[in-house]
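Every chain is numbered from 1, with letters handed out A, B, ... down the list of sequences.
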Amino acid sequence: MSGIFTKSMARNIFYGGTVFFFLLFLALTFDSHKEFPKRDNSQNLTPQVIAGKKIWETRNCIGCHTLLGEGAYFAPELGNVYPRRGPDFIKGWMQAQPTGAPGRRQMPQFHLTDEELDNIVAFLKYTSEINTANWPPNIEG
Amino acid sequence: MQYQSQAVAKPYFIAAIALFTGQILFGLIMGMQYVVGDFLFPEIPFNVARMVHTNLLIVWLLFGFMGAAYYMVPEESETELFSPRLAIALFWIFLVAGAATVLGYLFVPYATLAQMTGNDLLATMGREFLEQPLPTKLGIVVVALAFLFNITMTVLKGRKTAISTVLLLGLWGLAIFFLFSFYNPHNLVKDKYYWWWVVHLWVEGVWELILGSLLAFVLIKVTGVDREVIEKWLYVIITLTLVTGIIGTGHHYYWIGAPEYWQWWGSVFSALEPIPFFAMTVFAFNMVNRRRREHPNKAAVLWALGTGVMAFLGAGVWGFLHTLAPVNYYTHGSQITAAHGHMAFYGAYVMVVLTLISYAMPIIRGRAANSNKAQVLEMWSFWLMTIAMVFITLFLTAAGILQVWLQRVSDTPMGFMATQDQVVLFYWMREWAGLMFLVGLVTYIVSFFVKGEDSAATQ
């Protein structure tokens, strides 16, 4: 690393390499955007789903659960909870929280209205229909 | 101290260590909730504790980076800081905003907090690590820009070195990519895609520039090796970092609805991401072996070497462990992810900030190095925290392997909670290792108050 390979050569390779790979990343991002409509289930992005996503965010669900594998690992994956449990179970479950079972993990009670519960279910249904390349490996998430 | 204005770094370092302590206490609460589910419920639900734990980590590392920049840049630029008063003002603004945000998390229901702080105007909250209310996010931008103005003006009026250039690039990148936290499309796939432009392009991109710059600075100081050699290494390392890390973002795009070619791009490039970390380890040991002086601050040298090794293990090895798409298909979002996250953040960012604090703090306090007694205690804290983190990582990895097997690989997959009950032993061991970490942290703090004979004052 001495003699012929100088600091200014190292610097030029840094700037050149960074710019090249960042442009490549932008190109791949551009192409991804063209592919998104085939996979992202955006045709089902109804006002109800959008309202559900906001409830998901403002109750900080990601602070315990994962969604498509991202989030905290304290509570079950919810990207596929819709096919796993169905709409009625999800609503009933949220209304029954917290279980108060001693020593067990507790989910807060969010006091959602029936309409808000329907919104969150709609959001979870939309999420479950995103093409995730067959992830998770099975229904347990 | 060569320049009086370097002293503004001191409150930043003190705040960083105080918030670090808060982070660890909330980590212990969460670790306890993993085994005794209703611990502190409903006063501190898990999601609140986690927000505090992760947000404190980010904020104290930012305090550490800013303090480091205020200390390093005048010395690198050979001139006083552009505006020490601005630096002190920003310190208080950032500290008050950070404290108010954490108190908001703890004492206001999150949905109410969102309503109070204008989340209906621009919905940015409730996404992992970006949970901050809108005013806090805007505050971060304002503080970051004013800080960058101060640092950039200092560099512009003084000597320009590779170390300060790389540091500036990293810090500007940090501010620029944070802007993606304001973009929250309804489309979940796009939301996740650009969320990673903050999270991944920070920790596996521009933050590594800051890491390299801090490490290079301390190595020049403690080894006396020629600047030309160290700065050449620095450029090589950060080239490897960005060449692998930018496209390496693809390892987060496998299962979120992005095109499947990301499985190839992400696997190939992120498999190369350990290389810059390996280079960093070789670099640190190589420079220390070729040292031209015996610096009296042995503790700082230990932290610098430790950063190289632990960053390589945590970010490099534990990252590689689950980065290939066929492996990640099973491990995605499991305790293996948590194991990697803990050791990578500790090894890369916690340790480099502590390296710089270890080097700079004695000088700010008017001596080249702390007394032998204080250094011995600091080195004890190094080993306690580092070994505790190794154990935390190993226990979470064991829990993760079992979890993946029982829940995802087995012919008769178990449900999430049933699986959690099976791995509870490892969560207990993780909590004990966490307590050991806390003992190490307390030892570290105590080492600042140990007297004894100082080494001769410097400069």
**Request:** First locate atom CD of A/E57, then atom CG of B/N184, and finally report the distance between them rounded to the nearest 0.5 Å.
**Result:** 4.5 Å
**Prompt:** Could A/R39 and B/E260 be called an ion pair, given the rule that one side-chain N must be under 4.0 Å from one carboxylate O?
**Reply:** yes
**Prompt:** Pick one: which of A/L68, A/N131, A/T127, A/D40 meets side-chain contact (heavy atoms from CB on, under 4.5 Å) with B/V189?
**Reply:** A/D40
**Message:** Can you tell me which portion of A/N41 sits under 4.5 Å from chain B's heavy atoms? Options are side chain, backbone, both or neither.
**Reply:** neither
**Prompt:** Taking B/Y253, B/Y110, B/F39, B/W195 one by one, which has the highest count of heavy-atom pairs under 4.5 Å against chain A?
**Reply:** B/Y110
**Request:** Specify which of B/Y330, B/F269, B/W262 makes the most heavy-atom pairs with chain A at under 4.5 Å.
**Result:** B/W262
**Request:** Check whether A/T6 gets within reach of chain B through its side chain, its backbone, both or neither, counting any heavy atom under 4.5 Å.
**Result:** backbone
**Message:** Please tell me whether B/Y194 and A/H33 form a close aromatic pair, meaning their ring centres lie under 6.0 Å apart.
**Reply:** yes
**Item:** Parallel, tilted or perpendicular, as decided by the 30° and 60° cut-offs, for the rings of A/F22 and B/W197
**Value:** perpendicular
**Asked** Can you list the steps and then say if B/I256 with A/T132 is a side chain to side chain contact (heavy atoms under 4.5 Å, CB included)?
**Response** CA-CA 5 Å; B/I256 63 165; A/T132 56; over 6 Å; no
**Item:** Name of the residue among B/L169, B/T241, B/V243, B/I237 meeting side-chain contact (heavy atoms from CB on, under 4.5 Å) with A/F14
**Value:** B/L169
**Item:** Salt-bridge contact A/R105-B/D421 (side-chain N to carboxylate O under 4.0 Å)
**Value:** no
**Request:** Check each atom of A/L28 against the heavy atoms of chain B and say whether the ones under 4.5 Å are side chain, backbone, both or neither.
**Result:** both
**Side chain, backbone, both or neither of A/L45 within contact of chain B (heavy atoms, under 4.5 Å)** = side chain
**Asked** With side chains defined as the heavy atoms from C-beta onward, is the minimum distance between B/K190 and A/F36 less than 4.5 Å?
**Response** yes
